[in-house]
Amino acid sequence: ILNKESSHRRIMETTGWQKVQLMFTCLCWFVLLSPMIQVEGFHLIVTQVPRSTSPFVRRPSCCAKPCSSTGTFMMADGTNHREAGPKDDTRRKAYLQQTPHSGRHFWPSHPAYKDRPRFLKRNVKKKRFMEGWYYRLTLPEEQVSFAFIFSIEDMGLRAKSNLTLAAVQVMGPNDEYLVQADRDDTKFWAWEGQQGLGCTFEWSSDDDDDEERLKKELTTAMHPEEWRNMVKSGFQMLPNSLQGRVDGHDGSLGGVYDGQGVSGSCEFDITIDPIVGWGDNAIGAKGKTAHQKSTAGWLASSSVFEPHWQVTMADGRATGSVRWKNTTYNFADAPFYAEKNWGGSFPSKWYWAQCNAFDGYMEKDGTHLSVTAGGGTRKIPLGKTEDLGMVSVHYNGTFYEAVPWTGTMEWDVSPWGRWVMTGRCTSGPRLFEVKITAYCDAEKVPGVVLRAPTLKDGMVYFCKDSFLAETTLSLWELTKDKATKELVRVDGPPIIDCAKSSQGAVEVGGGPWWNDWKGVSDMKQPMKGLVRFPYAFQRIKRKISPNK
């Protein structure tokens, strides 16, 4: 625009329809650019675009780089080093069901990353930040579950933080618990494009020469066999494998560092076969799976809500072994689940339930059923908060999503022992009603208190979990009654009729809680309208091309 006066006159002379077109165009540009833009403080940060197209990104001469599709790593001297399985490639998915936000949302302090420049170089965090990953393994025959929880806090801050921490927590049989942590955030690495992360607390050998020690410092992902030989304690998650050796304690003396609890150990070595991510699992004519969704809607790509939540694998199958306090569990095709959080801290108050081990719904090549439900109080722009919840079900490749921007959701949760959540999807191609109930006897199943990142105190006791909730799930199809114009349940049997499990995972967090919490999801405008935009676009697309 060269002339401000003439441009102002053109804007004033535009018709109402032209203004709508202009607003629509701006919104489309925002949708396209939102994955590449983050707002942090008052700085605009442009994230890295795929390596093959970015003229601003170069590799550091000191660190390993993937050189082929096999995942072999090439060192600066041209020699191959550390066959690492799947490589971190922002241009492709590790598997068809990979969801948005599978990669990290921060710049690691690990030496392998420190010399790589980014456009504007304003990617260093200036305020508190954490990212955590949660993996659940269920063993139906043994009536045992494990949760492997990895987290990194205040990594690479410009001003050093007293809350910087790399940690692993393991929740085991009978709701028992182990933790191991280190304040050295340079030991933690994570991939940007795929779900790959790890931390080596201690190497198997400490008598290396300078060259071998430098290689270890620059090592990120390792081939699973190499990891077994080289790592004494730590963990590594790759898209299709999970490994760890935890030499920790139960935290009973109040802290997460060595000597602050009764010692214990856990070792796990697992291969993972994803079944569903977060969305439909139908395979199209071109061999591509259906679009996978952000759990909190597409605006989760930007720093709008706080904190962020993404289910990365609603259902999968795991094969391997877990050694827990001198007892070894071997398993094949066991139910597996994965999710993650990131942001300044966990919510001030929340509830959660999950299950993918329902009786009669765990066949490898037959029926599959998984439910994730939860909600809480989250921050939104202008210093406000809102209470939200959702219930979502994956059933034989079909995704049923009851969220506040496509319907309604209600919850009735006690401080401990009762979780009742119902949802209705009232717009879109699938109209349905869902209800999940989970109960624990507070005396027989007291739960285990876990630590979670908090804004001011760091990793402290902040939530209570159990894997022993009696869980029931029902799902009904809805249709519009011609007389009343209201949505009613379709005559006949429900889609899911009281599926049951005695291995539901449940959680309450934040607070502290003293009373029952009953509520209805109330997503505020204009955020609700913005999150609904892709759904409205799909509805228009279906009307234009109903057969596609």
Side-chain angles (χ1 to χ4, degrees), residues 23-24 26-28 30-32 34-35 99-101 276-280 290-312 314 339-343 347 349-353 371-382 384-395 398-411 421-436 475-478 480 486-487 518-543:
M23 293 175 62
F24 181 80
C26 292
L27 183 59
C28 289
F30 179 76
V31 172
L32 292 172
S34 60
T99 66
H101 308 292
V276 293
W278 193 252
D280 286 338
H291 174 67
Q292 301 299 291
K293 299 181 178 182
S294 295
T295 304
W298 66 272
L299 277 179
S301 298
S302 301
S303 300
V304 176
F305 307 120
E306 183 77 12
H308 303 279
W309 177 35
Q310 176 68 49
V311 177
T312 56
E339 66 175 44
K340 64 184 296 187
N341 298 89
W342 66 99
K349 189 177 181 181
W350 77 91
Y351 57 89
W352 173 83
V371 60
T372 304
T377 302
R378 70 176 179 182
K379 297 178 182 178
I380 59 176
L382 303 178
K384 297 182 179 181
T385 62
E386 61 183 3
D387 294 340
L388 294 179
M390 69 91 186
V391 184
S392 293
V393 176
H394 290 81
Y395 178 50
T398 301
F399 184 43
Y400 298 89
E401 183 185 31
V403 289
W405 51 90
T406 61
T408 60
M409 188 272 181
E410 300 180 11
W411 66 88
M421 291 158 281
T422 59
R424 301 185 99 219
C425 182
T426 57
S427 63
R430 297 185 190 117
L431 306 179
F432 66 91
E433 180 181 346
V434 60
K435 181 177 182 179
I436 176 176
L475 179 69
W476 302 269
E477 183 181 358
L478 297 179
K480 183 173 288 188
E486 299 289 334
L487 290 176
K518 299 181 181 180
V520 179
S521 280
D522 181 21
M523 192 172 189
K524 296 177 175 60
Q525 297 289 4
M527 294 303 172
K528 183 174 182 178
L530 287 173
V531 175
R532 282 179 56 88
F533 175 76
Y535 297 83
F537 179 78
Q538 289 295 327
R539 186 166 62 250
I540 295 172
K541 185 177 178 181
R542 286 193 299 270
K543 289 182 178 180

Heavy-atom closest pair, residues [X] and [Y]:
| X | Y | answer |
| --- | --- | --- |
| Thr372 | Trp309 | CG2-CZ2, 3.8 Å |
| Ser521 | Pro404 | CB-CB, 3.7 Å |
| Pro100 | Ser294 | CB-OG, 3.6 Å |
| Ile436 | Val391 | CG2-CG1, 4.2 Å |
| Val434 | Ala402 | CG1-CB, 4.2 Å |
| Leu431 | Leu487 | CD1-CD2, 3.8 Å |

- Query: Are Val371 and Met421 side-chain neighbours, meaning at least one heavy-atom pair lies under 4.5 Å?
  - Reply: no

- Item | Pairwise side-chain contact, Asp387 with Trp411, heavy-atom cut-off 4.5 Å (strictly under) | yes

- Qualifying residues under side-chain contact (heavy atoms from CB on, under 4.5 Å), relative to Thr408, sequence neighbours excluded: Arg424

- Task: For Ser427 and Thr406, indicate whether the former's side chain and the latter's backbone hold a donor-acceptor pair under 3.5 Å.
- Result: yes

- Kindly assign one of parallel, tilted or perpendicular to the pair Phe399 and His394, based on the angle between their ring planes and the thresholds 30° and 60°. parallel

- Message: If you apply the rule side chain to side chain contact (heavy atoms under 4.5 Å, CB included), what do you find for Tyr400 with Leu475, and how did you get there?
- Response: CA-CA 9 Å; Tyr400 298 89; Leu475 179 69; 3.7 Å; yes

Return the [atom1] to [atom2] distance between [X] and [Y], rounded to the nearest 0.5 Å.
| X | Y | atom1 | atom2 | value |
| --- | --- | --- | --- | --- |
| Thr426 | Lys480 | OG1 | NZ | 10.0 Å |
| Gln292 | Thr312 | CD | OG1 | 11.0 Å |
| Thr99 | Lys340 | OG1 | NZ | 8.0 Å |

- Item | side-chain hydrogen bond (donor to acceptor under 3.5 Å, both in side chains) partners for Trp278, two or more places apart | none

- Item | Set of side-chain hydrogen bond (donor to acceptor under 3.5 Å, both in side chains) partners for Thr295, sequence neighbours left out | Gln310

- Query: Which is it for Thr398 and Asp280 under the side chain to side chain contact (heavy atoms under 4.5 Å, CB included) test, yes or no, and what are the steps along the way?
  - Reply: CA-CA 5 Å; Thr398 301; Asp280 286 338; 4.2 Å; yes

- Message: Could you go through Arg378 and Trp350, starting from their C-alpha distance and side-chain angles, then the distance that decides it, and tell me whether this counts as side chain to side chain contact (heavy atoms under 4.5 Å, CB included)?
- Response: CA-CA 9 Å; Arg378 70 176 179 182; Trp350 77 91; over 6 Å; no

